[in-house]
Structure formats: structure tokens, C-alpha cells
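Here is the structure we will look at.
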Amino acid sequence: GGVMGSRKPQVCYFYDGDVGNYYYGQGHPMKPHRIRMTHNLLLNYGVYKKMEVYRPHLASDQELTRFHADDYVNFLRVITPDNMHEYQRQLQRFNVGEDCPVFDGMYQFCQISAGGSVDGAVKLNQGLASIAINWAGGLHHAKKSEASGFCYINDIVLGILELLKYHSRVLYIDIDIHHGDGVEEAFYTTERVMTVSFHKFGEYFPGTGDIRDIGASRGKHYAVNFPLVDGIDDKNYESVFKPVIEKVMEVYCPGAIVLQCGADSLSGDRLGCFNLTLRGHGECVRFVKSFGVPVLVLGGGGYTIRNVARCWAFETGVLLGSELSNDLPYNDFFEYFGPDFQLHIQASNMENLNTTDYLEKNKIKILENLRNLPGAPGVSMQEVPPDTYFSDDDDEEDPDVRESRTLLYSTKGRLVHKGDGDDDDASERQLDRRV
């Protein structure tokens with residue numbers, strides 16, 4: 001059988017060892033260091049042996065402009081803390097400087113994040129994995145021509161565009177506490193991507209995601225928003241997440257899923273106000289995986305970084321079918337996890353303002369909207385566009401010539417660790433085979 005037919009799904013994981021060194025600045029809540037902490041937990045739990053671990057390629061300008069405006073990408077590439085005083089007008093125009101500061105290596109950070117999401121999508125497209133993980137991705141607020149909410153480049157949109165080369169329908173699910181506005185906006189008028197976001201709504205960033213926002217034009221009914229309020233717990237979250245996603249899968253039948261796992265919906269988040277534990281958050285991941293559809297799993301928000309690392313390590317285990325011990329293994333950042341040094345976190349005693357009545361009303365309204373969907377829309381897919389091709393010599397080669405080659409195998413990911421018990425020949429073939 002194919003990849004999905006095998007007993008255990010093939011899981012590939014993208015990580016760049018430099019990612020933890022990028023620094024948004026003193027006092028800024030977004031800390032890329034949390035991705036390094038996550039990776040270090042996975043190393044010390046030993047579960048990385050069950051995955052194929054890759055270093056992502058750095059997404060080129062040409063790849064980033066598949067979604068983003070050329071002038072915006074050029075600006076991100078040239079701006080530095082040293083020259084930013086010369087770019088006052090653009091800083092305002094592109095919303096860079098406050099929430100989204102200029103920091104050293106900002107553009108490379110974006111290239112790593114986007115590269116991992118595109119690489120993951122290519123692996124899924126080629127049938128070389130059924131699950132691809134990029135914890136450095138999930139930056140759902142970035143817009144075509146502006147930064148927003150700590151996000152500069154929308155790696156999710158770029159990953160979905162890659163998946164759309166092979167799949168007529170892609171489902172996007174967002175469990176970050178914030179509305180997935182950048183992804184919803186990018187695909188608001190198309191039926192080829194359904195976006196489903198569960199988020200805090202009401203006097204909260206970014207302010208979008210009303211239950212009445214359902215898409216427009218051909219995309220009408222293909223945007224789903226479940227607004228929540230403070231204090232939602234595991235039981236309540238599950239009571240709305242599962243029926244909505246179950247119905248979406250039934251009526252939409254996506255060929256691939258992108259799951260944004262923002263960890264700011266956990267209890268005790270520095271910026272969040274939900275009350276989920278790793279079990280409740282991770283149950284969403286397990287449930288999505290259970291449909292057996294290829295899935296690209298991404299990070300996102302999360303600002304109490306010890307809990308972000310706990311969450312994404314636990315969810316990597318969920319995706320691998322490995323229950324991680326509650327006693328954290330000794331690791332490079334062990335002191336962050338005191339005083340208990342346990343994997344799991346407790347919910348707090350905060351009040352849950354989501355009444356059963358409120359959740360039920362919203363659930364019924366959303367299920368009603370989903371009944372209005374026509375049958376899964378068909379897209380004629382005779383011509384599959386070429387996979388994203390990673391060339392080492394971008395500069396010399398005429399881009400038009402390069403784009404026109406139809407490369408079937410083009411993941412130039414460097415394989416850092418090959419999972420145990422793999423078919424060696426297949427693993428060798430998938431690395432760098434060009435047609």
C-alpha cells in the first residue's frame with residue numbers, strides 16, 4: 001500500500017539549528033528560542049529517532065512572492081536595525097517597527113519558517129510522508145503586503161499554495177487563541193481552501209473572526225469561525241472542536257490538511273486567556289490525525305515558552321503514536337521546567353465564561369452553515385504545476401527556464417536523521433532525485 005496504507009504514518013520533521021538564535025528584542029513576547037527548547041526535548045526523549053529529520057531550505061524571494069507583494073519582500077530583505085532610519089515611510093506602510101520589530105537576521109528567520117512549511121508540503125505532495133511537522137511555521141497573521149501580530153511572512157499560505165498543486169481541496173484548521181486572519185483573508189473567495197479557526201473573540205487581537213464571516217463569492221461558506229471567550233477548558237473545547245471538524249471532513253473531503261497548533265491557547269499563557277492543558281490541545285491534534293489525510297502540522301503563537309516546548313514535544317509524540325513520560329528527561333534547558341520538571345501542566349481555577357448554552361448555539365449555527373455547502377467541489381487537475389524547485393544557483397540561471405522544468409522530485413532537504421526501519425533505497429531516492 002501507499003504511505004497512508006502503512007501501519008505507522010511516515011513522519012518528517014523540519015528544524016534549522018539557527019532558529020533559536022533569532023531575537024525579536026528585549027521585552028518582546030515572541031521568542032524563537034522556544035523552538036530550540038522543543039527540539040531539545042525531542043532529542044532527549046529520543047523520539048527524533050522515529051522521524052525523518054530535515055533541515056529546511058531557505059525560501060527564496062521568488063517563493064515568498066507567490067503570495068507576498070514584491071515590494072514588501074524586497075523591503076524585508078534589505079531592512080536592518082542599522083539602516084531602518086532611512087526607511088521611515090516603508091516601515092509605516094508595511095506595519096513594521098512596533099509589534100513586528102526590525103531585528104538582526106529577520107529575513108533569514110522568515111526564510112527558515114517558510115522553507116520548512118513549503119518543504120513539508122512538497123514531502124506530502126510526493127507521498128514521501130503522511131505527516132510533516134514545522135514548529136517554526138504557523139505565522140498566521142502576515143498579510144500580502146504587511147506584517148502583523150509578530151508575523152512577517154505567511155508560511156501557512158505558502159504551504160497551502162504548494163499543496164494546491166496536487167490537491168483540489170485543502171483544509172486549514174487553527175487552534176491558536178488568535179483568529180487565523182491572514183490565512184482566512186488569503187483564501188476568502190475560493191472554495192479550494194476551507195479555513196476553520198477557533199479563537200477568542202471580542203476586544204482581542206486581531207479583532208476579526210466573527211461567526212458571521214463565512215467567506216465570499218465562490219468561497220462563501222468556506223470560511224468557518226468559532227468565537228470563544230475567556231477560560232475555555234479541555235472538555236468544552238473538545239465538545240465543539242470534534243463535531244465541527246467531523247462535519248467539515250464529511251462535507252468537504254479535503255485531500256490535505258494544514259493544522260496550526262498555536263500554544264497560546266494553553267492555560268497560563270503570557271498573552272492568552274484560555275485554560276487548556278496539553279491533553280486538551282493535543283486531543284485536537286490526535287483527532288485531526290485520525291482521519292488519515294496527509295497533514296502539515298505547524299507552530300504559531302505561544303508566549304509562556306516552557307509550556308510551548310512541553311506542548312509541541314507532546315504533540316510530536318501524539319503524531320508519532322508515542323506517549324512521552326511525564327518525567328521530563330534531563331535537557332539543555334532543564335531549569336526552565338522547574339519546580340516540578342513534569343511534561344504535563346495543570347489547568348488553573350479561572351472562571352470559564354463559555355456557557356454550555358453559548359457554545360451549543362455557536363455549534364448549531366456553524367453546523368447549519370456547513371449543511372449549505374454544495375458537494376465537494378471538483379477541480380480538473382490535468383496539469384500539475386512543478387514542485388517548488390530548490391536550486392543552489394538561483395542567481396545565474398534564468399528563472400523562466402527554471403520554472404518551466406517539470407521536476408517531479410525536488411526536495412533538496414538534507415536528511416539529518418533517517419527514521420528507524422525504513423526502506424533504505426526509498427529513503428535514498430527521496431533525497432535529491434531530479435528529473
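No more than 12 heavy atoms of other residues, nucleotides or ligands sit less than 6.0 Å from atom NZ of Lys220. Other residues, nucleotides and ligands contribute over 12 non-hydrogen atoms within 6.0 Å of the CZ atom of Arg371. For Lys242, the NZ atom counts as densely surrounded, since its 6.0 Å shell holds more than 12 non-hydrogen atoms of other residues, nucleotides or ligands.
Between the side chain of Asn236 and the main chain of Ile232, no donor-acceptor pair closer than 3.5 Å is present. A distance-only check finds no donor-acceptor pair linking the side chain of His167 to the backbone of Ile160 [under 3.5 Å]. The backbone N or O of His39 lies less than 3.5 Å from no partner atom in the side chain of Tyr48, so there is not a single donor-acceptor pair. In this structure a side-chain-to-backbone donor-acceptor pair under 3.5 Å is present from Arg310 to Phe337. Side chain of Thr304 to main chain of Gly268: a donor-acceptor pair is present (N/O by atom type, distance under 3.5 Å, no hydrogens or angles). Side chain of Ser265 to backbone of Ile175: a donor-acceptor contact under 3.5 angstrom is found. Of the possible polar contacts, one joining the Arg36 side chain to the Gly20 backbone as a donor-acceptor pair under 3.5 Å is found.
For the pair Lys200/Leu228, no side-chain contact is recorded, criterion being any heavy-atom separation below 4.5 Å from C-beta on. Residues Val240 and Phe226 form a side-chain contact, since some pair of their non-hydrogen atoms from C-beta on lies under 4.5 Å apart. Residues Leu276 and Asp233 have side chains not in contact (no heavy-atom distance under 4.5 Å, counting atoms from C-beta outward).
Every pair passing salt bridge (Lys or Arg N to Asp or Glu O under 4.0 Å) that includes a residue from residues 244-264 is listed here, sequence neighbours excluded: Lys247-Glu250. Within the structure, salt bridge (Lys or Arg N to Asp or Glu O under 4.0 Å) contacts touching residues 265-278 (residues at least two apart or in different chains) do not occur. Residue pairs meeting the ring-ring contact (aromatic ring centres under 6.0 Å, His included) criterion with at least one partner in residues 170-192, sequence neighbours excluded, are His141-His178, His178-Tyr204, His179-His199.
Contacts of Phe201 classified as ring-ring contact (aromatic ring centres under 6.0 Å, His included), with partners at least two apart in sequence or in another chain: none. Under the side-chain hydrogen bond (donor to acceptor under 3.5 Å, both in side chains) criterion, Gln342 pairs with Asn326, Asp327, not counting sequence neighbours.
Side chains of Asp119 and His57: a donor on one and an acceptor on the other come within 3.5 Å. A donor atom on one side chain and an acceptor atom on the other are found under 3.5 Å apart for Asn225 and Glu184. No donor-acceptor contact under 3.5 angstrom links the side chains of Asn74 and Asp70, judged on distance only.
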**OP:** For the pair Lys235 and Glu238, evaluate salt bridge (Lys or Arg N to Asp or Glu O under 4.0 Å) and give the outcome as yes or no after the intermediate values.
**Re:** CA-CA 5 Å; Lys235 192 161 115 323; Glu238 184 176 343; over 6 Å; no

Subject >> Evaluation steps, side-chain contact (heavy atoms from CB on, under 4.5 Å), between Asp174 and Phe198 >> reply: CA-CA 6 Å; Asp174 189 316; Phe198 298 80; over 6 Å; no

Original post:
Is there a side-chain contact (heavy atoms from CB on, under 4.5 Å) between Cys261 and Leu298 once you walk through the steps?
Top reply: CA-CA 6 Å; Cys261 299; Leu298 307 174; over 6 Å; no

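Salt bridge absent: Arg169 and Glu191 never bring a charged side-chain N and a carboxylate O closer than 4.0 Å.
Scanning all heavy atoms of the two residues, the minimum distance from Asp155 to Ser117 falls at OD2-OG, 2.7 Å. Pairing each heavy atom of Ala129 with each of Cys12, the nearest pair is CB-SG, 3.7 Å. Contact record, Lys50 with Leu320: O-CD2, 3.7 Å, taken as the closest heavy-atom pair. Taking both residues in full, the closest heavy atoms of Tyr237 and Phe274 are given as CE1-CE2, 4.4 Å, listed atom of the first, atom of the second, then distance. When all heavy atoms of Asp16 and Pro56 are compared, the pair lying nearest together is N-CD, 3.9 Å. Considering all non-hydrogen atoms of both residues, Val244 and Leu370 come closest at O-CD1, 4.2 Å.
A ring pair (Phe, Tyr, Trp, His ring centres under 6.0 Å) with His33 is found for one member of Tyr24, Tyr303, Tyr336 and no other, namely Tyr336. Partner Asn352 forms a side-chain hydrogen bond (donor to acceptor under 3.5 Å, both in side chains) with one of Asn354, Thr356, Thr355 and no other, that one being Asn354. Among Val196, Leu367, Ile366, the one residue that satisfies the side chain to side chain contact (heavy atoms under 4.5 Å, CB included) test with Val248 is Val196.
Note on ring orientation: taking the six-membered ring where Trp is involved, the planes of Phe241 and Phe287 are perpendicular (angle over 60°, cut-offs 30° and 60°). A tilted orientation is assigned to the rings of Phe109 and Tyr22, their planes being inclined by 30° to 60°.
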List, one per line, each side-chain donor-acceptor pair under 3.5 Å for residues 91-98, sequence neighbours excluded.
from	atom 1	to	atom 2	distance (Å)
Arg93	NH2	Asp71	OD2	2.2
Asn95	ND2	Ala147	O	2.7

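Taken to the nearest 0.5 Å, the CG atom of Asn125 stands 6.0 Å off from the CG atom of Asp387. To the nearest 0.5 Å, atom OG of residue Ser113 and atom OH of residue Tyr152 are 12.0 Å apart.
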